[in-house]
There are 2 protein chains.
Amino acid sequence: MQLMSEKSAAGGGLRERKKRATRAALAEAAVRLAAEHGAEKVTVEAISAAAGVSVRTFFNYFDSRDDAFVVVDADAGARMRRAVLDAPAVLSPLEALREAMAAELAEAEQQHELWRLHAKVLHASPHLLARGVGAHMAAEADLADAIAERLRGVGDTGGPGSGAGPGSVTGPGSGLYPRLLAAVAGAAVRTSMDHWSAHQEEAAFLDVFHEVFTLLAAGLPAPSA
Amino acid sequence: MQLMSEKSAAGGGLRERKKRATRAALAEAAVRLAAEHGAEKVTVEAISAAAGVSVRTFFNYFDSRDDAFVVVDADAGARMRRAVLDAPAVLSPLEALREAMAAELAEAEQQHELWRLHAKVLHASPHLLARGVGAHMAAEADLADAIAERLRGVGDTGGPGSGAGPGSVTGPGSGLYPRLLAAVAGAAVRTSMDHWSAHQEEAAFLDVFHEVFTLLAAGLPAPSA
DNA sequence: ATGCATCTTTGCATACCATGCAACTTATGT
DNA sequence: ACATAAGTTGCATGGTATGCAAAGATGCAT
């Protein structure tokens, strides 16, 4: 009696596949409709119709209409967590995070067209952009845990704060560093995407991404005039 | 859209004062009710009743119910912008930003009790936390502009991108640095608040805040074990 | 293949959110 | 005091979101 925990791994039963297909269809329909008509003019009814399901079913998949525009691959967090944990020990935490995020972004690039539409839609309505940021926060929490685990060295698998220990509250052991790192890296990625989104013709995304992390690693020095 | 006409500075006519009072009453009622009953259980009707206005009037002040929980002082952005521009020239951009934000946070601390309730409410429902993050993005854009202006030296007051210039797209002149700085500093502040919120009894907020910016300026080095 | 247990979809009812509009009330300037 | 601009309110309307129970798929063991 397997507990059927493989919620996100490929394949599985027909049920899982169908659910994933429906979810993807809804998300894609939402993005395409929003790109064409503007996000605010797209009703749940229209999205549901385009995906071939009832309105009620839409709400079985998303907690709110806006979620459909914002959804990022739900297990990107898990993948990045793994990438951070598996990264070579010689990499600094920031570097490990950079590599994990770069890999994830490369993954997203495979659905090239949808990714761009997505960016377009979010960029067009600040309201959704904000929600997108929020969506990343859960992933950032996962990343913070992964970083904390990596810092402790493998072995202690306790959750965050399990080994609060005697360190200073603001110092190591408080969990502040991993969370800061995850939050800052997330902000860096969003800034990169935003900048690239506004200069798509002029710069490659990876160039922006690279420069941003270089700036971070250097402590955000004032640019020499 | 919103009413929110001209002046946000103190005083003025009776009208302005009444509007500010009503807005404050609504925001405060929203936060207090949410702190007591949970944000999701608080209806617009309840908030409006507590503030002594009609439901319709509520929507004259806020675009959505959640906005009432999230509202940060609307002209905090303008004040920080000013602080960044007026900061001593010897400060690095990151330092100038740190000082501006510290001043703003000290300001918020004056309404101590409300600030804590606010933090409690946002922390209790991730949904609102995300929205709060979004609310800061507008302020971050203002800050990015201020930083850009500061970097150019005073004089050119043009908007963002006005001096795109001939620099490399990822280099200075592209506006990437100011935006990154603003976004990262914002993430740092949120991380500080979050961490402090979870360790309120153990650490002073300013200690956390200070450590976070020290880490940033050092390039987020791996903590020595 | 058959039948049962489980999960998913769907329609319906209900409540709340959000906006436009018109009527009414309250400040402001002269 | 008068005219005007600004703010408030109720009503109507349409979209969003959830609980519930019936109907339709799927998984699994026999």
Side-chain angles (χ1 to χ4, degrees), chain A residues 1-9 11-27 29-30 33-34 37-71 125-128 131, chain B residues 1-8 11-27 29-30 33-34 37-71 125-128 130-131:
Chain A
M1 286 256 209
Q2 279 288 87
L3 206 31
M4 191 141 57
S5 57
E6 318 272 315
K7 230 182 161 165
S8 54
L14 175 56
R15 262 189 187 153
E16 298 298 323
R17 255 176 298 147
K18 269 197 165 184
K19 270 172 66 176
R20 289 150 62 76
T22 301
R23 187 183 193 78
L26 282 169
L33 288 172
H37 304 109
E40 323 296 316
K41 308 286 291 181
V42 178
T43 68
V44 174
E45 191 175 352
I47 299 171
S48 307
V53 297
S54 72
V55 171
R56 191 60 185 80
T57 294
F58 174 94
F59 285 107
N60 285 337
Y61 282 91
F62 300 98
D63 281 340
S64 78
R65 185 191 71 130
D66 290 352
D67 278 356
F69 300 121
V70 159
V71 165
S125 45
H127 170 252
L128 291 180
R131 220 179 162 82
Chain B
M1 292 305 289
Q2 304 282 84
L3 301 179
M4 192 71 110
S5 52
E6 43 240 270
K7 295 212 150 184
S8 50
L14 174 57
R15 256 182 191 162
E16 300 299 322
R17 258 176 296 148
K18 269 196 166 183
K19 271 170 60 176
R20 289 152 61 77
T22 300
R23 187 184 192 78
L26 282 169
L33 287 172
H37 304 111
E40 321 297 314
K41 308 285 293 181
V42 179
T43 68
V44 174
E45 190 175 353
I47 299 170
S48 308
V53 297
S54 72
V55 172
R56 190 62 184 81
T57 295
F58 174 94
F59 285 107
N60 285 337
Y61 282 91
F62 300 97
D63 281 341
S64 79
R65 183 190 73 129
D66 290 352
D67 278 355
F69 300 120
V70 159
V71 166
S125 45
H127 170 252
L128 292 180
R131 222 182 160 81

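The shown structure was predicted, so the numbers you read here are calculated from the model rather than taken from an experiment. The chains referred to below are lettered A, B, ... by the order of the sequence lines, with proteins before strands, and numbering in each begins at 1.
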- For the residue pair A51(A) and L26(A), what are the closest heavy atoms and their distance? CB-CD2, 3.5 Å
- Least distance between heavy atoms, A39(A) atom then L128(A) atom: CB-CD1, 3.6 Å
- Verdict with reasoning, D66(A) to H127(A), per side chain to side chain contact (heavy atoms under 4.5 Å, CB included): CA-CA 9 Å; D66(A) 290 352; H127(A) 170 252; 2.5 Å; yes
Closer than 4.0 Å, any side-chain N/O of [X] to the OP1 or OP2 of [N]?
X      : N       : answer
K18(B) : dA27(C) : yes
Y61(A) : dT9(C)  : yes
S54(A) : dT10(C) : yes

Take atom [atom1] of [X] and atom [atom2] of [N], then tell me their distance rounded to the nearest Å.
X      : N       : atom1 : atom2 : result
K41(A) : dG14(D) : NZ    : P     : 13 Å
L26(B) : dA18(C) : CG    : P     : 14 Å
L14(A) : dT9(C)  : CG    : C1'   : 14 Å
E16(A) : dC28(D) : CD    : P     : 11 Å
R23(A) : dT9(C)  : CZ    : C1'   : 16 Å

- Of the nucleotides dT10(C), dT9(D), dT8(C), which one has an atom closest to the side chain of N60(B)? dT9(D)
- Message: Under the criterion side chain to side chain contact (heavy atoms under 4.5 Å, CB included), I'd like the reasoning laid out for F69(A) against I47(A): C-alpha separation, chi angles, the key distance, then a yes or no.
- Response: CA-CA 10 Å; F69(A) 300 121; I47(A) 299 171; 4.3 Å; yes
- Geometric cation-pi criterion, R65(B) with F59(B): 6.0 Å, 45°: no
- Message: Check this for me: does the side-chain of R15(A) come within 3.5 Å of the base of dT6(C) through a donor and an acceptor?
- Response: yes
- Query: What string of B, S and - do you get for nucleotides 15-21 of chain D, 5' to 3', when a contact is any protein heavy atom under 4.0 Å?
  - Reply: -SBBBB-
- Verify side chain to side chain contact (heavy atoms under 4.5 Å, CB included) between K19(B) and Y61(B), making sure each step is shown before the conclusion. CA-CA 9 Å; K19(B) 271 170 60 176; Y61(B) 282 91; 3.4 Å; yes
